[in-house]
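Reading through the structure tokens given below for one structure.
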Amino acid sequence: MGEYSKEEIKNIEEKWRREWQKRDVYKVLNESTKPKYYVLDMFPYPSGAGLHVGHPLGYIASDIVARFKRVKGFNVLHPMGFDAFGLPAEQYALEHGIHPAVSTADNINNFKRQLGKIGFCYDWSREVQTCDPTYYKWTQWIFLQIFDSWFNRKKEKAERIFELVKIFESEGNTNHTFPNSKYTISGKEIFSANDWKSFDEKIKQAILMQYRLAYLAYTDVNWCEALGTVLANDEVINGVSYRGGFPVVKKQMRQWSLRITEYAERLLKGLDEIDFSESMKDIQRNWIGKSVGARIDFHLTPALPAGRPGPSRGENASLTPSPSPGERGRETSDKKFWPYLKDFAKENRQNPTEEETILWEELRNSKLGHKIRRQHTIGVFIADFVCLDKRLVIEVDGGYHIANKEFDQARTEFLRIEGFHVIRFTNEEVKNDLKKVLHKIKESLDKSPSIKESGVNSSPSPTEMGPGDEVLTVFTTRPDTIFGVDFMVIAPEHELVKKITSPRQKEEIEKYLKYVESRSEIDRMAEVKKITGCFTGAYAINPFNERKIPVWISEYVLAGYGTGAIMAVPCGDERDYKFAKHFSIPITNIIGNHYNGEEANPTKEAILENSDFLNGIVMHEAIDIVAQKLEEKGIGNRQVNYKMRDAGWSRQRYWGEPFPVVYKDDVPYAMEESELPLELPPSNNFKPSGNGEGPLANLKDWINFAPDAKPAYRTGRRDSNTMPTHAGAAWYFLRYMDPHNTKAFADPKALDYWNQVDVYIGGSEHAVAHLLYARLWTKVLHDLGYIKFDEPFKKLINQGKITGDSRFVYRAFVTWTAWGDETPPKIHPSIFVSKGMVDKLESSEKFSEDWSNTVGVINSQLKVMNENYRKSGKLTGGEYQVSFEDFSPLHVDVSKVDGLELDTEAFKKWKPDFANAEFILEEGKYICGSAIEKMSKSYFNVVNPDQIINDYGADTLRMYEMFLGPLEQSKPWNTSGIDGVFKFLRRIWNLAHDATSNLKISEAEPTREELKVLHNLIRKVEQDINNFSFNTSVSAFMICANELSSLKCNKRAILEPLIICLSPFAPHIAEELWEKLGHKTSILEASYPAFNEEYLKENDFEYPISINGKVRAKMNFALDMPKDDIEKLVMASEIVMKWTEGKAPKKVIVVPGRIVNVVL
RNA sequence: GCCCGGGUGGUGGAAUUGGUAGACACGCAGGACUUAAAAUCCUGUGGCCCUUAAAGGCUGUACGGGUUCAAUUCCCGUCCCGGGUACCA
């Protein structure tokens, strides 16, 4: 029996889900004679809310492609898995006490149950879960490969660290300077092979860390004190935390980062080879933010009277105000770590140990002849006492703020390299024999060479520097405007600020720096365009015309981009212009009448004026001329900058991959492959452990790692952080190729065979993070020789979001007025007023005609209601009234609404509150308000696919989701059209069945007309699938079904090919019909029918005959009729004669097979 | 602000290199079947005008211009919506 009824569908679909599983039809092998095709979905994060109708949109599309490619004869890889590490599970654990592993497993099961019902052809034997140790073993392994790599800029590819060591041993770093140009070792950017050999292990490791593609560094993070954790950028909204709205500050923390900036150019170039939408590429290009320009050095004139050194170093304390003690460390401190260190130093100064206090008092009072500083930062360390002139460090052991011995040792080593001599005293020595201690210090001071003689490489301090030695380097994309530079602006954090500020400006500058520091991220964001700044008192010299240019500092110049300094050209740059106007800086016009004096003009097309040797040259040509000159003079060079920053890779979280490293002396060492995976230790404490450490630091036994095993360095401490979710997602597409391999992340043969993902379908919200990281990991693995391709995804399709279509009801404010002394009624009805009337009342003037009419309508319905209440005894007298002003819109469950009309009975049953609801109707209906919002439980607009499948079956759901509109477009979910799709499937079914629902197939030869209908479909569906235009192929199916229905065609020769075409879209019904047609094997084994153009050939064509471009008639001509003949016949026709009124036309255009146009 | 993408009936949306605007579906209206309803089937359906009817006319793809025999499609300007980005020199 076979009626395609809603009951029967369930049986059919369940039957086939069972059969497919039983027959294992979706199993994919890595060996095949067929060509391969790899269709991939972005795997979901298994949230607790389960699947809603938005999720399957992309999955259905990819499933159609996969099934289509399969019937086209490809060996198709179409896997599914779960991005199972992540924050929500951890938050859920904190709130509900359920372990992330448990809730994640539950959620995955629920997702799989829901996905299973939709009939996807996933090979579940290849499923991956990123939280599975057998999976993240390889995530960790790949991380270690990245850690063990550096980017060889000469070859533009990653190489192993040992190759770099070899280079250092033979030639130092002359040819491979530090990737971060601001980094120096003992003040120098370059070290020789001999230098390298003289460095000890710790220094070598510190240097290598500067090159590694996965590296540890102090980086800015979003620190939320209230939550005790670091937040990702997308967890910070307008300067406060996404959860809780707590303030977030930038803080420096030692974190893992991936040196993705080294790949900026390749990531950019790679975009040209892959088939992503232009908008997606634009987003990535924007993110990478390449700008081409030049670096230019400007010498600074002395800001101070000649011969006078910079800001006081104590000796000159009487001359200029001394910097606060806390600021001094800045000079010797590692700049990057300074903000972080200075707080520690300050804290230490405020909480000295007893011994420190004793010693400090003595050092201050005894005339040592040298300035001693307390809690001074050097590099990344803080020394107890320092004499900078003599490069002497005095340490008192056992200070309670010093964490451990190893740390002290590491510091000593570092200080030695930096040219400091360290002497060390124990607490006891200080306490018991202070005299001896002082003597020793004096001795050491006398012995120590002063810095100038020592020959130690260190950056010259301001005291030593002659005036005018300073160089200010800027980055500009417009070197052509060099003669239009009216001022320079440097970032407030710029290292030169302290050095160049003139005594006269000192106070102003310090005031400004305080202001900048006081400004939170929220302030800055709120007032981005606010113009602030301060003159330093220093001047730069324009290298081409020796002009003196004032140097300012301002917030609008960012320390982190370029050199943190700009040359300002107010006639050509909007911000520079505003700044100049605000501070009344005279503006030089170098672009003639392109500049109108009222706003900047950033043109590149102007002819330069006031520009010395550039006069008369078009700007865009001058760019290169200046760059050339700069290079000749050795004061600059062409340079490229990128906006993109390195990717922060540490999270203070539990539910993620632990970093497979062990720290010894603060240096991370890779674990060995045999020791992987480093499993996430069981824990129920997910709270951050404070100090910016991750929750894993709570597990003392785990974090302090002391194995008995071989290499000694493996005794140490583990990393308390975990990797971000991006880690697992950065390579999962490779694991699907060979998911159970225990020897490698995937077998090279499998990697070669499946190669790139042919089509990748997912949301555009992953445009930057996920897609860039996946591309990066692929490139690194490619460079290291593990895979042969260096772009993971050949083609990307972004499905649009499905938004929810919310419905509202409007509750009126209800009052009861007594007529006499009736007792108040027992019931309190909620009265809901229909949308149209609410709109009228709200939009029209009170007591206007419209308003009064509406009130009248409402009152008449209230009157009926009141009468009914009285009749039924609910009301003894008096009456209910409503306010005509206040209506509160309430979200109503979309399932209680048909289109916009509320099902009032269902609504009353929905919630007890509404049991006594009354409705003020318009034209007998209650019309709801509507809004398109994201799907959310709290808006009652979530549509669950289970519900649709239950009502209509999976095939209808699949086709309907495709029918909604173009895949890439966002669209609101609305079930109103779903009946049409269901009816279509039933029509297909009925083609093979008679009126009494019995199978009836004709074996007769098809007619030419039937074949034409079929082959139109074959061609259209194939084209549409290739174009990802599924909505149009669904309508092609509908047209085909309608036409075959009216032809009453039930011929096997037509229906068999038809259902093969249909099978990717509606696999269950197709498989059922296929079986009914007598096939024993799955329709997946069938072949897509061959298209034959012969059947579509027409002999003649009905030409639209237009007159002056407007169609007035139609005439049938043979397609091979010559133009002239057509023209003659058209001109002779009655209708055309009517329009021409016998006159000759100006022109007649005949487009064969298209149109005829007569121009009068 | 800047960079993308988009704007077509009551609704979702079709429309090859410029060549019959509104395919397909929903909704709506009318009809058939039915005691009735549901379901199903049939017909009509951008707006306006004219006509008893047949037919016909005008107008119409956000708005204003332009190119062309012909524009939803190409060009210029304006408005609105969605996405990305945010002082990136």
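Order of the sequence lines fixes the chain letters, A, B, ..., with proteins taken first and strands second; residue numbering starts at 1 for each chain.
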Point to revise | P spacing across the pair B:U61 / B:G65, given as an integer number of angstrom | key: 12 Å
Review point. What integer number of Å spans the P atoms of B:C49 and B:U35?
Key: 42 Å
Review point. With respect to the side chain of A:Thr477, which nucleotide from B:C69, B:A89, B:U20 is positioned closest?
Key: B:A89
Exercise for review: Scan A:Val1151 against the nucleic acid and name what it touches under 4.0 Å (heavy atoms): base, sugar-phosphate only, or nothing.
Suggested key: base
Review point. Among A:Asn1157, A:Val1148, A:Val1156, A:Val1150, which residue meets the side chain to side chain contact (heavy atoms under 4.5 Å, CB included) test with A:Val1130?
Key: A:Val1156
Check your understanding: Between A:Arg285 and B:G84, does any side-chain N or O lie under 4.0 Å from OP1 or OP2?
Key -> no
Revision key, fill the gap. Pairing partner of B:G27, by Watson-Crick or G-U wobble and under 3.5 Å for both distances, is B:U45
Check your understanding: Expressed as a whole number of Å, how far does the P atom of B:G47 sit from that of B:G60?
Key -> 16 Å
Exercise for review: Would you mind classifying the nucleic acid contact of A:Ile1149 as base, sugar-phosphate or nothing, using non-hydrogen atoms under 4.0 angstrom?
Suggested key: base
Practice item. Provide the Watson-Crick or G-U wobble partner of B:U40, both distances under 3.5 Å; none if there is no partner. Key: B:A32
Practice item. Indicate, with a heavy-atom threshold strictly under 4.0 Å, whether A:Val1148 touches base, sugar-phosphate, or nothing. Key: nothing
**Study point:** Residue whose nearest RNA chain B nucleotide is more 5′ - A:Lys1147 or A:Phe982
**Key:** A:Phe982
Exercise for review: Taking only the side-chain heavy atoms of A:Lys983 (C-beta and beyond), determine which of B:A14, B:C69, B:C41 contains the nearest atom.
Suggested key: B:C41
Practice item. Tell me which nucleotide among B:G13, B:C69, B:A89 gets nearest to the side chain of A:Phe475. Key: B:A89
Point to revise | For B:G77, the Watson-Crick or wobble partner whose two distances fall under 3.5 Å | key: B:C63
Check your understanding: When you check the phosphate oxygens OP1 and OP2 of B:U20, does a side-chain N or O of A:Lys1110 lie under 4.0 Å from one of them?
Key -> no
Exercise for review: Determine the contact category for A:Asp282: base if any of its heavy atoms lies under 4.0 Å from a base atom, sugar-phosphate if only primed atoms, P, OP1 or OP2 are that close, otherwise nothing.
Suggested key: sugar-phosphate
Review point. Could you state the CE-P distance from A:Met280 to B:U85, rounded to the nearest angstrom?
Key: 11 Å
Point to revise | Trace of the side chain to side chain donor-acceptor pair (under 3.5 Å) decision for A:Ser976 with A:Asn974 | key: CA-CA 6 Å; A:Ser976 64; A:Asn974 177 348; 3.0 Å; yes
Review point. If you measure from the P atom in B:C81 to the same atom in B:G56, how many Å do you get, rounded?
Key: 43 Å
Exercise for review: Could you give the distance separating B:A29 and B:A15 at their P atoms, to the nearest angstrom?
Suggested key: 30 Å
Practice item. From the options B:C3, B:A23, B:G19, select the nucleotide whose nearest atom is closest to the side chain of A:Ser1035. Key: B:A23
Study note, to complete from the structure: From CD of A:Glu599 across to C1' of B:G1 the rounded distance in Å is 13 Å
Exercise for review: Have a look at A:Lys1146 and say if it touches a base, only the backbone sugar-phosphate, or nothing, with a 4.0 Å heavy-atom cut-off.
Suggested key: nothing
Check your understanding: Is the shortest heavy-atom distance from the side chain of A:Lys1020 to the side chain of A:Phe1037 under 4.5 Å?
Key -> no
Practice item. Rounded to whole angstrom, note down the P distance from B:U17 over to B:U73. Key: 15 Å
Review point. Does a side-chain N or O from A:Arg986 land closer than 4.0 Å to OP1 or OP2 of B:C41, or not?
Key: no
Study note, to complete from the structure: By nearest-heavy-atom nucleotide on RNA chain B, the more 5' of A:Thr563 and A:Thr1032 is A:Thr1032
**Study point:** Evaluation steps, side chain to side chain donor-acceptor pair (under 3.5 Å), between A:Ser1035 and A:Thr1032
**Key:** CA-CA 5 Å; A:Ser1035 51; A:Thr1032 51; 5.8 Å; no
Check your understanding: Charged N to carboxylate O below 4.0 Å: is that the case for A:Asp624 and A:Arg638?
Key -> yes
Revision key, fill the gap. For B:U16, the nucleotide meeting Watson-Crick or G-U wobble distances (both under 3.5 Å) is none
Review point. Separation of A:Asn974 atom CG from B:G13 atom C1', in whole Å?
Key: 12 Å
Exercise for review: Return the value, rounded to whole Å, for the distance between atom CG of A:Asn1031 and atom P of B:A25.
Suggested key: 14 Å
Exercise for review: Determine: side-chain N/O of A:Ser291 to OP1/OP2 of B:A89, distance under 4.0 Å, yes or no.
Suggested key: yes
**Study point:** C1' spacing across the pair B:U43 / B:A21, given as an integer number of angstrom
**Key:** 23 Å
Practice item. Look at the side-chain N and O atoms of A:Gln969 and state whether any lies under 4.0 Å from the OP1 or OP2 oxygen of B:G13. Key: yes
Practice item. With a 3.5 angstrom cut-off on both distances, give the Watson-Crick or G-U wobble partner of B:A71, or none if there isn't one. Key: none
Exercise for review: Take A:Thr532 and A:Tyr515, measure what side chain to side chain donor-acceptor pair (under 3.5 Å) needs, and give me the verdict at the end.
Suggested key: CA-CA 10 Å; A:Thr532 65; A:Tyr515 159 80; 4.7 Å; no
Check your understanding: With a 4.0 Å cut-off on heavy atoms, is A:Leu558 in touch with a base, just the backbone sugar-phosphate, or nothing at all?
Key -> base
Study note, to complete from the structure: Side-chain atoms of A:Tyr556 come closest, of B:G19, B:C87, B:C26, to B:C87
Revision key, fill the gap. Checking N1-N3 plus N6-O4 or O6-N4 for Watson-Crick, or N1-O2 and O6-N3 for wobble, each under 3.5 Å, the partner of B:C2 is B:G84
Check your understanding: Would you say the side chain of A:Asn637 lies within less than 4.5 Å of the side chain of A:Leu630, judging by non-hydrogen atoms?
Key -> no
Review point. Going by an N to O cut-off under 4.0 Å, is there a salt bridge joining A:Glu1098 and A:Lys1012?
Key: yes
Exercise for review: Rounded off to whole Å, could you give me the CZ-to-P distance for the A:Arg1154 and B:A15 pair?
Suggested key: 14 Å
Point to revise | Distance in angstrom units between A:Met644 CE and B:U85 C1', rounded | key: 15 Å
Review point. Which one, B:G12, B:A89, B:C69, comes nearest to the side chain of A:Phe963?
Key: B:G12
Review point. Rounded to the nearest Å, what distance is computed from the CD1 atom of residue A:Ile1135 to the P atom of nucleotide B:A54?
Key: 17 Å
Practice item. May I ask you to say what A:Pro966 touches in the nucleic acid, namely base, sugar-phosphate or nothing, with a heavy-atom cut-off under 4.0 Å? Key: sugar-phosphate
Review point. Given atom CG of A:Asn1108 and atom P of B:U59, what is their separation to the nearest angstrom?
Key: 12 Å
Check your understanding: Out of B:G19, B:A89, B:A14, which nucleotide sits closest to the side chain of A:Ile1155?
Key -> B:G19
Practice item. For B:G7, decide between syn and anti, treating a glycosidic angle within 90° of 0 as syn. Key: anti
Check your understanding: What nucleotide, of B:G57, B:C26, B:U20, holds the atom closest to the side chain of A:Ser976?
Key -> B:C26
**Study point:** side chain to side chain contact (heavy atoms under 4.5 Å, CB included) evaluation trace for A:Arg958 with A:Val981
**Key:** CA-CA 10 Å; A:Arg958 290 168 64 107; A:Val981 173; over 6 Å; no
Point to revise | Atom C1', compared across B:C58 and B:C74: separation rounded to whole Å | key: 27 Å
